[in-house]
Amino acid sequence: MPFDWLRAGPPLAEWWDLRDLGNAVGGLLGWIDDRGGPSWLPYVVSGLIGIVGILLWSVFSQLFFVWAERRLVARIQVRLGPNRAGPLGLLQPVADALKVLTKEMITPRNADRLLFWASPILVMVPALVVFAVLPFGERMVLADLNVGVLFVIAIGSINTIVVFMAGWSSSNKFSLLGAMRTVAMLISYELVQVLALLAVVVFTNSMRMGAIVGWQDDFNTWIVFVQPLALLAYIFAGAVEINRTPTDIAEAESEIVAGYHTEYGGIRWGMFQLAEYVAGFAIAAIVVTMYLGGWTLWGLEEWVPGWLIFLGKLYGFFFVFIWMRGTLPRLRVDQLMGFAWKYLLPLLLVNVLLAGLEVLIWQENGFAAEAVLPAFAVANWALAVVLVVGWGQVLGHLRPEHRAKRPVLVKEVGAILYEPYPLRPGGSVPEA
Amino acid sequence: MSVGLEHFLVLGAVLFAIGIYLALTKRNAVAVLMGIELMFNAVNVTFVAFSRFVESASPLTGHVFVVFIITVAAAEAAVALALAVLVYRNRETINIDEINLLKW
Amino acid sequence: MDDSGSVVAFWTLAALTVGSALMVVAVRNLVHAVVYLILSFVGVAGIFVLLSADFLAVAQVLIYAGAIPVLIIFAIMLTPRAARDNAETSLGLPALPLVGALLATIISIAVVTDWPEATRGGFEETTSVIGEALLSTYVLPFEIASVLLLAAMLGAIILVRED
Amino acid sequence: MAMKTEPFVVNIGPQHPSTHGVFRMKLTLDGERIIDVDMILGYLHRSMEKLAEERTYTQNIPFTDRADYLAAMTGNLAYCLAAEKLAGVEVPERAQWLRVIMSELQRIASHALAIGTFINDCGAWHTPLMYMLREREKVLDLFEMACGARLTVNYMRIGGVAFDVPDGFVPACRALVKEMPDRIAEYEGLLLENEILVARARGVGILPADMAIAYSISGPMLRGSGVAWDLRKADPYAVYDQVDFDIPVGTNGDSYDRFLVRMEEMRQSVRILEQGLDALPGGPVNVDIPVALMPPPGETYARIESPRGELGFYVVSDGGPAPFRFHIRAASYINLSALREMTVGLTVADAIVVLGSVDIVMGEVDR
């Protein structure tokens, strides 16, 4: 019988027990079975409920978060943010949505019709499909695949193709430049994501999202305590994947106007914006599930509904992206590439090696989890700091002359103070 | 009517045929490579179909072979495309008909 | 594989895969050909899900729909003036009957021989079994494959690097 | 086997979010690297110098506001000095001090905008700019209090300043001066140790000292390249010789040093303001001169240190009521000439950062 796991688990709580919406769906399936519906009907029904639920939730929370982001970034920038449309500017996203819907959708003359039409639709696919695997509550997950983590990475890699299609098909120099930059960047950071998530799977030795949350619940240690480096790397790689500062290379406004979605107007451009936010939620949801204990909060999930905790953590974490957007300047493309290949990858390889060693020690001698995990936590945090600073020194990122030097204050006029660099027109500082 | 092993084998065969046709008839070297990738996929489908339907001691060996095929195919694609770019740089074209002079 | 859901799924996925593979042959613009190729690879991933090979389905999407098309696209980008059309070579005509004959033989073999059908259903958990196999019985090919990947990577870089 | 790729010409401007006005830069790219930069100017040319030849000396003062519209006060001052030198007019003590106070306030406002837009080009979307605009707002309120206008102030006259400052001006100015140091400390806390900003700007767009002198660069760009040259010290005008302040000098002449120099100059301007407010004497603020002032025939060149560099006015009089020749030596126009030397070899993103660090104002460039 399909979806028997909905019926398995603790004795099915009443359907109105909203702490886990899975109960309600389970109750509905039971009702359908009693009515003797065809065998495939419950399968279709629960699938549809899941899909509609994810769609509605993501679109409406995107609307809310457009407003929240603009208010928060405004607060960071000592200004008010939208407060004209509706009370406290709450209707601003609705106004934006209407504006985007009514704007005309222009197609450039020698655009590549098929790809130009397809890419705004396809840009939503990776952002939404990732949610199928993420558990909002104990039984609130659309498809708890036992290759969950790999599924998340695979869907993320489709994003690369769609970005290229958008840039290539709008046949404009700036879009192509933006698209090629983004594709190269997404590929190098896909590897960083794989290694960051691998470190988690090494500990929970299962790729099923439910099992990962279960592991964090049983040992009630969040994986962020045991793997801080992996979380930092994943946050940065996540910021790269959804093109947010400090890595919004794709639509680097100050450089190549708006990157790969320059030529899109109207709702097509709206789809790109919607996809960016929904992908942001997806990254935040993955981080919360993998590193911050998913929908469990050390037992609180008995009273407070699991999905409320999950959403609270998700929005709380999404604030980090908003905060980064409000403060950090943008990195250049080659600096980003160098950072991924030369700095992050070796670090993460070492991190996965250490995680493997630790789990080996733990499993071989069969230590008690309460003793071993705190020890690992302390060791890993210390190691993380040592690795980050040490590797930074080795690569010369933190070399003294790279640090800012204050100007020299002079009283009288006419003194030439410094011996000029070898006269290379416009070259950058020769790598010492 | 139920879907048996033969269905998947036929599907694999059709995909293989399309791959060969692509490899044989296309003028652009990159298109030929696409044909080869398609052939690899056809073989993968057949392997997985056998491992699913046929009785055997360790049924998942088919999957292990497919993993090896995927890695080798990726490596082969990388080298083949590098060759295509190199040929383009020397001969200004990757049209297979024109790359037929052995006096390189 | 008897319940009606998977039969419908099989025919739609088969149609999707073969259809887009044919489009790769038919379509003129090379970039469109790559897009259709990706579509057929995703169709193959669906077929893997039908055959309850979940690890392979996801790996297929990751590699064949995420990495190899990007390689192909970069190759197309690096050969700008080359013919970007998908035209046939002059001596393409004899290929059709040859392919037809090959297809007929394979299909006849497939249908005629009666394979020792297994009676069990799909696999529950394939990832861990593949992992065990890779590192126990097939550890030598696993190492050779990694050396091969390294060689391919170096080769590709050296070929294309213009110092 | 060299890769045969045709160069990829990209047009930055005239309508582009980060060209600081209508300025067009044709970049010839090889991949991401810039091979050649070709600048196209003239989109904002209003032939100011020709129009000035039909107007009396006093009627020409509003032109100087609109040349460098981000530093109108210093524009007025430079022209009035030139006219006074030509007509031999003596400016009263109080007007001299008011001129120093107003030009230092203008320097703070202009540098605030310059640093803000420079950080914008590095990618920190508006956050530092908004902080600095908050300070610029206070300076503009002071201008409005003194002469009724915020941007095109038209405050200075030949022989002094138009009106005396109202009573509320000095206390408001003292409040600003008291508050400014920890505001600047706030910006430095936000920006100075920011690794990404250092990575984006350090070593980008290097201008060696001798090349800066060869291109007759002036202002923060020249000081950023390590040459200690400031007209307020080199050729003191108004009462700058009675004021004590330092000149910040950069070390390796890249965009980051120019940013540091501008930040330091804001601090020095606050020091000058403090001394100015303390030493502000009483007395008249201007000398009445005939409406159709007819200076004796002759030519003069007066120059001051505007926030962008050496702003000079070359005025020739043929004895008539209107200047025979009226030429503005605009600092950004000449600072822009070194852009090609600084950006060849860098990437597109760096070119935008370097353009931001040059801090041009198209009104002054095109005149």
Side-chain angles (χ1 to χ4, degrees), chain A residues 1-2 38-44 47 112-119 122 125-126 129 133 143-165 167-169 171 176-177 179-180 182-184 186-188 190-191 193-194 201 205-208 211, chain C residues 2-9 20 23 27-39 41-42 45 48-49 52-74 76-78 80 84 122-132 135 153 157:
Chain A
M1 284 296 289
S39 72
W40 47 267
L41 188 60
Y43 191 76
V44 168
D112 191 325
R113 289 266 177 282
L114 171 74
L115 300 187
F116 191 77
W117 165 80
S119 40
L122 287 179
V125 162
V129 166
V133 163
D144 201 356
L145 306 175
N146 46 34
V147 274
V149 173
L150 204 57
F151 179 83
V152 160
I153 301 165
I155 296 299
S157 76
I158 293 181
N159 200 3
T160 324
I161 305 291
V162 174
V163 157
F164 168 74
M165 268 163 54
W168 163 264
S169 61
S171 78
L176 191 58
L177 197 59
M180 293 317 280
T182 322
V183 164
L186 286 177
I187 297 172
S188 32
E190 208 175 299
L191 224 54
Q193 272 181 357
V194 165
V201 172
N205 62 46
S206 151
M207 290 213 275
R208 202 165 60 79
Chain C
D2 42 14
D3 52 357
S4 57
S6 56
V7 171
V8 167
S20 48
M23 284 301 279
V27 86
R28 278 296 137 242
N29 176 343
L30 200 59
V31 179
H32 288 193
V34 173
V35 169
Y36 283 116
L37 191 71
I38 299 168
L39 204 59
F41 287 158
V42 170
F48 284 166
V49 168
S52 77
D54 51 5
F55 174 74
L56 288 184
V58 180
Q60 164 90 355
V61 169
L62 176 64
I63 294 168
Y64 273 107
I68 292 192
V70 173
L71 267 176
I72 296 177
I73 286 168
F74 268 79
I76 295 175
M77 285 293 124
L78 287 174
R84 285 236 172 103
F123 311 107
E124 273 321 305
E125 166 67 54
T126 64
T127 327
S128 50
V129 173
I130 296 177
E132 300 288 304
L135 289 178
M153 193 163 57
I157 292 173

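- Only the side chain of Val35(C) comes within contact range of chain A, judged by heavy atoms closer than 4.5 Å.
- Val61(C) is not listed as a side-chain neighbour of Phe151(A), based on a closest heavy-atom distance of 4.5 Å or more.
- Only the side chain of Val31(C) has a heavy atom closer than 4.5 Å to any heavy atom of chain A.
- Between chain C and the options Ile155(A), Val183(A), Asn159(A), Leu115(A), heavy-atom pairs under 4.5 Å are most frequent for Leu115(A).
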Check step by step if side-chain contact (heavy atoms from CB on, under 4.5 Å) holds for Tyr36(C) and Leu114(A).
CA-CA 11 Å; Tyr36(C) 283 116; Leu114(A) 171 74; 4.0 Å; yes
Between Asn146(A) and Phe55(C), does a side-chain contact (heavy atoms from CB on, under 4.5 Å) hold up when you go through it step by step?
CA-CA 9 Å; Asn146(A) 46 34; Phe55(C) 174 74; over 6 Å; no
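- Note: His32(C) NE2 to Ser169(A) OG = 8.5 Å, rounded to the nearest 0.5 Å.
- Of all the listed residues (Val44(A), Thr160(A), Ile161(A)), the one sharing the greatest number of non-hydrogen pairs under 4.5 Å with chain C is Ile161(A).
- The heavy-atom pair separating Ser157(A) from Gly66(C) by the smallest distance is OG-CA, 3.6 Å.
- Within the 4.5 angstrom heavy-atom criterion, atoms from both the backbone and the side chain of Ile153(A) approach chain C.
- Contact count versus chain C (heavy atoms, under 4.5 Å) is highest, among Glu190(A), Met207(A), Met180(A), for Met180(A).
- Contacts of Ile63(C) with chain A are absent, with no heavy-atom separation under 4.5 Å from either backbone or side chain.
- Heavy-atom pairs under 4.5 Å with chain A were tallied for Asn29(C), Val42(C), Val70(C); the largest tally goes to Val70(C).
- With a 4.5 Å cut-off on non-hydrogen atoms, Asn205(A) does not touch chain C at all.
- Neither the backbone nor the side chain of Leu145(A) comes within contact range of chain C; no heavy atom of the residue lies under 4.5 Å from a heavy atom of that chain.
- Between Phe164(A) and Val34(C) the shortest side-chain heavy-atom distance does not fall below 4.5 Å.
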